[in-house]
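In what follows, a structure is listed as structure tokens, so that the remarks can point back to it.
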Amino acid sequence: MSAKITQEIFENEMMDVETIFLCANLSRSAYSIENEIEDESRVVVERENAKCMFSFDSGKMYVAIAGTDDPFDVLSDFEFHHVVEESTHELVHMGFKNEADKLFPSIHKEIVMRGVNQLILTGHSLGGAICVIIAARLQQMIPELSCKLITFGSPRVGTKSFVKKIKCRHTRVVCNRDPIPHFPPYFFGFKHHGTVMTLKSNILFSIKQHSINAYINALQIFQTHQ
């Protein structure tokens, strides 16, 4: 497996591969949040089965949002209903918005309480979709905040007009054989946000490519060839 990073990523000064790899590992850790030890540099939050983890490093705050590691659960959860996202007054996926509603108050509170000015949001699968909605809200409520996104295998989140209103930089990492980023279908009006980084695979189109471990393995292989 190899990675294809488009020239657009570098021209727009998107995240370097080392930071992307760090975020992939944080996204994996978010799945086992109950095993994380809280200290001054790490805080965990759980709200109605939604989970996220705050980490602090070199003046930045990282928020890793847990997704759904079982791709069959992701597909079964897809109900292609649009609802209005209040921060943009545009339409988004109802299920993703509901999950963002659970975590946003805690994320917003932590940012304000700590006086954070540099934020990186990351997540895999459903977690990546939640990141996009959280970013839209933070952009509206804390416009001075420098917010960037790194997501892995994220499905489409909202309409074209919704994603156009999100101005923060977003590196959207996708295994080219992962089917989940193709959902919900574009003909339902759902679009992707961000600049894509494609991890290429020679194996068949497979649901196994959706695993966060598959993404981490692909990034490890890419790093060894740098």
With the side chain counted from C-beta on, respond yes when [X] and [Y] share a heavy-atom pair under 4.5 Å apart, and no when they do not.
{"X": "Phe152", "Y": "Pro181", "result": "no"}
{"X": "Lys51", "Y": "Ile65", "result": "no"}
{"X": "Lys60", "Y": "Ile120", "result": "yes"}
{"X": "Val92", "Y": "Phe190", "result": "no"}
{"X": "Glu18", "Y": "Leu22", "result": "no"}

N/O donor-acceptor pair under 3.5 Å between [X] side chain and [Y] backbone:
{"X": "Lys102", "Y": "Glu48", "value": "yes"}
{"X": "Tyr215", "Y": "Cys175", "value": "yes"}
{"X": "Arg156", "Y": "His182", "value": "yes"}
{"X": "Lys191", "Y": "Val157", "value": "no"}
{"X": "Asp178", "Y": "Val174", "value": "no"}

Show me the donor-acceptor pairs within less than 3.5 Å that the side chains of residues 126-143 make with the rest of the protein, sequence neighbours left out.
residue, atom, partner, partner atom, Å
Arg137, NE, Glu85, OE1, 3.4
Arg137, NE, Glu85, OE2, 2.9
Arg137, NH1, Asp101, OD1, 3.0
Arg137, NH2, Glu85, OE1, 2.9
Arg137, NH2, Asp101, OD1, 2.6
Gln139, OE1, Lys167, N, 2.6
Gln139, NE2, Lys165, O, 2.6

Self-check item: Note: Arg47-Glu99 ion pair, threshold 4.0 Å (strictly below)
Solution: no

Practice problem: For Cys23 and Tyr62, run side-chain contact (heavy atoms from CB on, under 4.5 Å): C-alpha distance rounded to whole Å, both residues' side-chain angles, the deciding distance at 0.1 Å, then the answer. | Solution: CA-CA 8 Å; Cys23 286; Tyr62 293 80; 4.1 Å; yes

So, taking the atom named [atom1] in [X] and the one named [atom2] in [Y], what distance separates them when rounded to the nearest 0.5 Å?
{"X": "Ile216", "Y": "His124", "atom1": "CD1", "atom2": "NE2", "value": "9.0 Å"}
{"X": "Cys168", "Y": "Leu145", "atom1": "SG", "atom2": "CG", "value": "9.5 Å"}
{"X": "Ile212", "Y": "Ser125", "atom1": "CD1", "atom2": "OG", "value": "9.0 Å"}

Exercise. Take Leu119 and Lys148 through the side-chain contact (heavy atoms from CB on, under 4.5 Å) test and state the conclusion after the steps.
Key: CA-CA 6 Å; Leu119 174 70; Lys148 298 179 181 179; over 6 Å; no

List the atom of [X], the atom of [Y], and the distance in Å for their closest heavy-atom pair.
{"X": "Val63", "Y": "Cys52", "result": "CG1-CB, 4.3 Å"}
{"X": "Gly153", "Y": "His210", "result": "O-CE1, 3.2 Å"}
{"X": "Pro155", "Y": "Phe96", "result": "CG-CZ, 3.5 Å"}
{"X": "Ile150", "Y": "Thr122", "result": "O-OG1, 2.7 Å"}
{"X": "Cys147", "Y": "Leu121", "result": "SG-CD1, 3.8 Å"}

What about [X] and [Y], same hydrophobic cluster or not, with Ile/Leu/Val/Met/Phe/Trp/Tyr joined at side-chain heavy-atom distances under 4.5 Å?
{"X": "Met113", "Y": "Val116", "value": "no"}
{"X": "Val84", "Y": "Ile166", "value": "no"}
{"X": "Phe188", "Y": "Leu91", "value": "no"}

Quiz item: After noting the C-alpha distance and the side-chain angles of Tyr186 and His192, does the key distance pass the ring pair (Phe, Tyr, Trp, His ring centres under 6.0 Å) rule?
Solution: CA-CA 9 Å; Tyr186 71 89; His192 275 302; over 10 Å; no

Practice problem: Please determine which of His193, His170, Arg172 meets the side chain to side chain donor-acceptor pair (under 3.5 Å) test together with Thr151. | Solution: His170

Quiz item: Can Arg114 be said to sit on top of Phe56's aromatic six-ring, NZ or CZ under 6.0 Å from centre and within 45° of the ring axis?
Solution: yes

Self-check item: Met53 and Val43: CA distance, side-chain angles, deciding distance, side-chain contact (heavy atoms from CB on, under 4.5 Å) verdict
Solution: CA-CA 6 Å; Met53 178 175 67; Val43 178; over 6 Å; no

Quiz item: Do you see a donor-acceptor pair shorter than 3.5 Å between the side chains of Thr159 and Glu90?
Solution: no

Exercise. List the steps and the verdict of side-chain contact (heavy atoms from CB on, under 4.5 Å) for Ile20 and Thr171.
Key: CA-CA 8 Å; Ile20 292 170; Thr171 301; 4.0 Å; yes

